[in-house]
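Since the structure comes first, as structure tokens, the remarks are kept for the end.
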Number of protein chains: 2
Amino acid sequence: MNLKQLSEQLGLSQTTVSRALNGYPEVSESTRIRVQLAAAQGNYRPNSRAMSLATGRAMSIGHVVPLAHQHDVVNPIFAEFVAGASQIYKQNGYELTLTIAETRNEEAIYRNMAAKCAVDGVIVHSPKRVEPRLALLKEIGLPYVVHGRVSDSKTAYNWIDTNNRRAFKQATQLLIDLGHSDIALINGDESLNFAWLRRLGFEDAMRENGLAINPTFMASAELTETFGYLTAESLLKKAHRPSAFIASSYVVALGIRRAIGRAGLQMGKDLSVIIHDDELSYFDNGGAVPQFTATRSSVREAGMLTASMLLKQIDDPGLFPQSSLLESRLTVGLSTGPAPARN
Amino acid sequence: MNLKQLSEQLGLSQTTVSRALNGYPEVSESTRIRVQLAAAQGNYRPNSRAMSLATGRAMSIGHVVPLAHQHDVVNPIFAEFVAGASQIYKQNGYELTLTIAETRNEEAIYRNMAAKCAVDGVIVHSPKRVEPRLALLKEIGLPYVVHGRVSDSKTAYNWIDTNNRRAFKQATQLLIDLGHSDIALINGDESLNFAWLRRLGFEDAMRENGLAINPTFMASAELTETFGYLTAESLLKKAHRPSAFIASSYVVALGIRRAIGRAGLQMGKDLSVIIHDDELSYFDNGGAVPQFTATRSSVREAGMLTASMLLKQIDDPGLFPQSSLLESRLTVGLSTGPAPARN
DNA sequence: AAAACTATCCAAAGCGCCTTGGATTTTTAT
DNA sequence: ATAAAAATCCAAGGCGCTTTGGATAGTTTT
């Protein structure tokens with residue numbers, strides 16, 4: 001069922017039917033209702049490609065998800081983020097075009113998308129500290145919002161980020177308040193900006209409390225369970241070992257917990273662990289009683305906000321770049337406790 | 001840069017330029033080269049919407065990912081699957097349109113996609129034992145391939161699945177061969193067909209070895225770490241407790257391992273655990289030395305095969321439904337060992 | 001009652017591409 | 001040299017929609 005058929009069936013012109021369905025005022029209320037009824041009954045839906053061609057809007061948003069270079073990993077954050085964004089798109093009649101990109105292809109992918117007029121804008125995932133994609137997108141004139149921030153931009157751009165620096169500073173401070181001074185940071189890949197900011201937050205707190213920052217207590221890599229385990233294991237073997245860990249994800253903390261158990265120690269007593277929790281719903285952090293003390297922020301909510309911001313920018317291209325910094329909540333669970341006395 | 005501009009610049013008709021770029025024979029090799037050069041240089045890419053309108057093909061595949069009803073969870077499998085599928089689409093000039101759907105909206109979403117001509121086909125994720133989507137898709141005439149199978153179809157349909165039943169039978173048999181007879185199955189939601197088949201495989205092996213199936217040793221829910229922990233914990237408290245666990249995912253096994261540790265027992269010695277591992281790359285199962293004995297199958301590979309199959313069906317709508325059953329590999333890790341003697 | 005609006009509808013021209021059905025030129029066969 | 005065949009190109013129509021610029025009928029104003 002297309003517009004022509006529908007209009008013939010109604011004995012009206014395509015113009016009138018189109019206008020009736022799109023809410024233009026040049027059509028009487030009675031015929032509008034008649035048209036809407038017939039459209040609903042005939043299950044008429046405008047052909048999206050024809051509509052796009054006529055209006056010049058693709059009615060689709062591109063998500064380009066990078067494969068982490070090291071192990072071809074899709075960041076688990078992304079599914080949850082997209083679930084949030086998707087909801088907003090649906091409400092506004094947009095679709096979501098997904099691409100998984102290896103870093104070396106990225107530029108071609110963005111250029112291709114834009115030249116084909118396949119999307120009206122894109123979400124930039126997993127920004128690095130130095131992020132050439134922003135200049136690229138600006139050059140090709142494709143609206144975008146970054147989920148996260150970059151460290152190297154001199155001009156304003158659209159972004160939404162959780163306050164990673166503050167969250168990690170706060171988490172570190174909690175441990176310090178509990179008497180810990182030998183704190184290890186098990187962080188994500190620090191060429192990614194979120195991990196870099198977390199490190200800065202950690203260092204902020206240490207410095208402000210006059211504590212030494214021990215480089216051997218800091219590790220940075222892809223956030224796998226095994227990484228957490230191996231790193232914690234080797235740190236716990238040291239003569240001078242940390243009394244607390246800050247972990248950049250739930251998964252990596254599971255590995256830390258395993259190492260603690262293996263070493264015959266008890267988490268929350270002998271050793272404290274605090275994590276950043278992205279509220280990935282299949283890791284529920286123990287349900288009612290949180291296993292891990294955590295700074296929490298909802299990735300899904302970030303997805304919704306990011307999508308909304310992008311649609312706003314698309315609707316009004318003259319708009320000044322927007323940004324939004326989301327605070328995370330510190331929730332105390334079973335994994336932290338006062339620092340044990342040194343002997 | 002559009003076709004008209006490009007053809008004017010070349011002093012050729014749009015027809016000739018279009019044919020030169022699309023590989024038609026009615027154009028001399030010399031002009032073809034001339035056209036291709038100019039197109040590449042001008043960064044010309046046909047407008048996807050116009051192309052779709054003219055050809056009647058959306059050049060996009062729909063992935064409708066259901067939110068699990070219980071906790072609004074996006075299945076972590078899906079990101080990895082999509083990474084595989086995406087690769088195939090890219091090779092063939094297709095895009096991937098993603099929708100996150102709540103179960104109650106699902107029918108409307110599929111109907112909408114089809115009526116809008118937004119996709120040429122869809123991948124059906126997370127099929128249940130009883131799956132009304134197949135009849136729906138048949139009714140609206142949208143090509144599809146199911147990732148997994150259903151239990152209630154009398155007619156042939158396109159699917160790709162891992163042999164869950166055989167994998168779990170094999171895993172169970174391994175435990176039985178090691179002397180275990182009290183085996184617990186920590187399974188996914190058994191209204192989903194993959195979990196149901198795993199249960200059948202488990203029961204197959206038990207029955208063939210003349211072992212009793214103890215319903216209190218079987219649990220089924222969303223595969224979270226907490227679920228694994230709580231279930232294992234309560235089973236280990238029993239007077240007559242299992243000596244081995246079969247877990248439907250890596251995540252749930254992490255919970256089981258935690259419960260084992262908490263009970264002061266040792267995994268691989270006091271208690272055996274065997275898992276099904278979907279090779280989600282951010283869970284590397286311990287790298288070189290697999291932590292868990294596992295039946296492994298690559299979700300990414302399944303994504304690639306499923307996508308290929310769908311494109312084939314779209315190219316040739318008369319094709320008889322295809323199917324493919326992928327076998328998984330059993331890898332022995334540190335988590336299994338001979339059953340300890342009962343006392 | 002004529003003039004000036006309003007309300008309601010429509011014909012037709014695009015959007016950018018592909019494709020049919022020639023038209024023109026070149027090559028091959030007779 | 002001429003007819004037939006092949007090679008090469010083009011004009012124009014159509015995909016299904018939106019939108020511009022009228023046209024027509026009904027109301028209100030003077």
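Heavy-atom basis, side chains included; hydrogens, waters and symmetry copies ignored. Reminder, nothing fancy here: chain letters follow the sequence lines and each chain counts from 1.
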OP1 or OP2 of C:dC9 sitting under 4.0 Å from any side-chain N/O of A:S28? yes

Of all the choices, D:dG16, C:dC9, C:dC10, which nucleotide is nearest to the side chain of A:E26 once you look at every atom? C:dC9

Would you call the rings of B:Y94 and B:Y89 parallel, tilted or perpendicular, taking 30° and 60° as the class edges? tilted

Round to the nearest Å and state the distance from A:E8 atom CD to C:dA11 atom P. 11 Å

Examine the base of C:dT19 for any acceptor or donor lying under 3.5 Å from a partner atom in the side chain of B:T15, and report the outcome as yes or no. yes

Looking at A:Y24, I'd like to know whether one of its side-chain N or O atoms comes within less than 4.0 Å of OP1 or OP2 on D:dT18. no

Please work out if A:S52 contacts a base, only the sugar-phosphate, or nothing of the nucleic acid, heavy-atom cut-off 4.0 Å. nothing

Nearest to side-chain heavy atoms of B:M51, which nucleotide of C:dC18, C:dG16, D:dC10: C:dC18

On DNA chain D, compare the nucleotides closest to B:T31 and B:A50; which residue's is nearer the 5' end? B:T31

Under 4.0 Å between a side-chain N or O of A:N22 and OP1 or OP2 of D:dT18? yes

Measure the distance from CG on B:L10 to P on D:dC10 and round it to the nearest whole Å. 10 Å

Would you mind telling me which residue lines up with the more 5' stretch of DNA chain D, B:G11 or B:A54, judged by nearest nucleotide? B:G11

OP1 or OP2 of C:dT19 less than 4.0 angstrom from a side-chain nitrogen or oxygen of B:T55, does that happen here? no

Looking only at side-chain atoms of A:S13, point me to the closest of C:dA11, C:dC17, D:dC17. C:dA11

Do B:Q313 and B:N158 have side-chain atoms, one donor and one acceptor, less than 3.5 Å apart? yes

Report the distance from atom CG of B:L12 to atom P of C:dT24, rounded to the nearest whole Å. 18 Å

Give a yes or no on whether the ring-centroid distance for A:H63 and A:F78 is below 6.0 angstrom. no

OP1 or OP2 of D:dT18 under 4.0 Å from side-chain N/O of A:S18: yes

Under a 3.5 Å cutoff, is there a donor and acceptor pairing between the side chains of A:S18 and A:T15? no

Report the C-alpha separation of A:I123 and A:T306 in whole Å, then their side-chain angles, then the decisive distance to 0.1 Å, and conclude whether the side-chain contact (heavy atoms from CB on, under 4.5 Å) test is met. CA-CA 8 Å; A:I123 303 283; A:T306 310; 3.6 Å; yes

Between CE of A:M1 and P of D:dC17 the distance, given in whole Å, is 11 Å

Provide, to the nearest angstrom, the distance between the CG atom belonging to A:L53 and the C1' atom belonging to C:dA13. 13 Å

Less than 4.0 angstrom between a side-chain N/O of A:T16 and OP1 or OP2 of C:dC9, yes or no? no

Tell me the interatomic distance from A:L3, atom CG, to C:dA11, atom C1', rounded to whole angstroms. 14 Å

Using the side-chain hydrogen bond (donor to acceptor under 3.5 Å, both in side chains) rule, take A:R45 and B:N112 through it: C-alpha gap first, then chi angles, then the decisive distance, then the call. CA-CA 7 Å; A:R45 221 69 48 90; B:N112 192 36; 2.6 Å; yes

For B:L21 and D:dC9, what is the distance between atoms CG and P respectively, to the nearest whole Å? 13 Å

Rounded interatomic separation in angstrom, taking CZ from A:R34 and C1' from C:dC9: 12 Å

Choosing from D:dC10, D:dC17, C:dC17, which nucleotide comes nearest the side chain of A:Q14? D:dC17

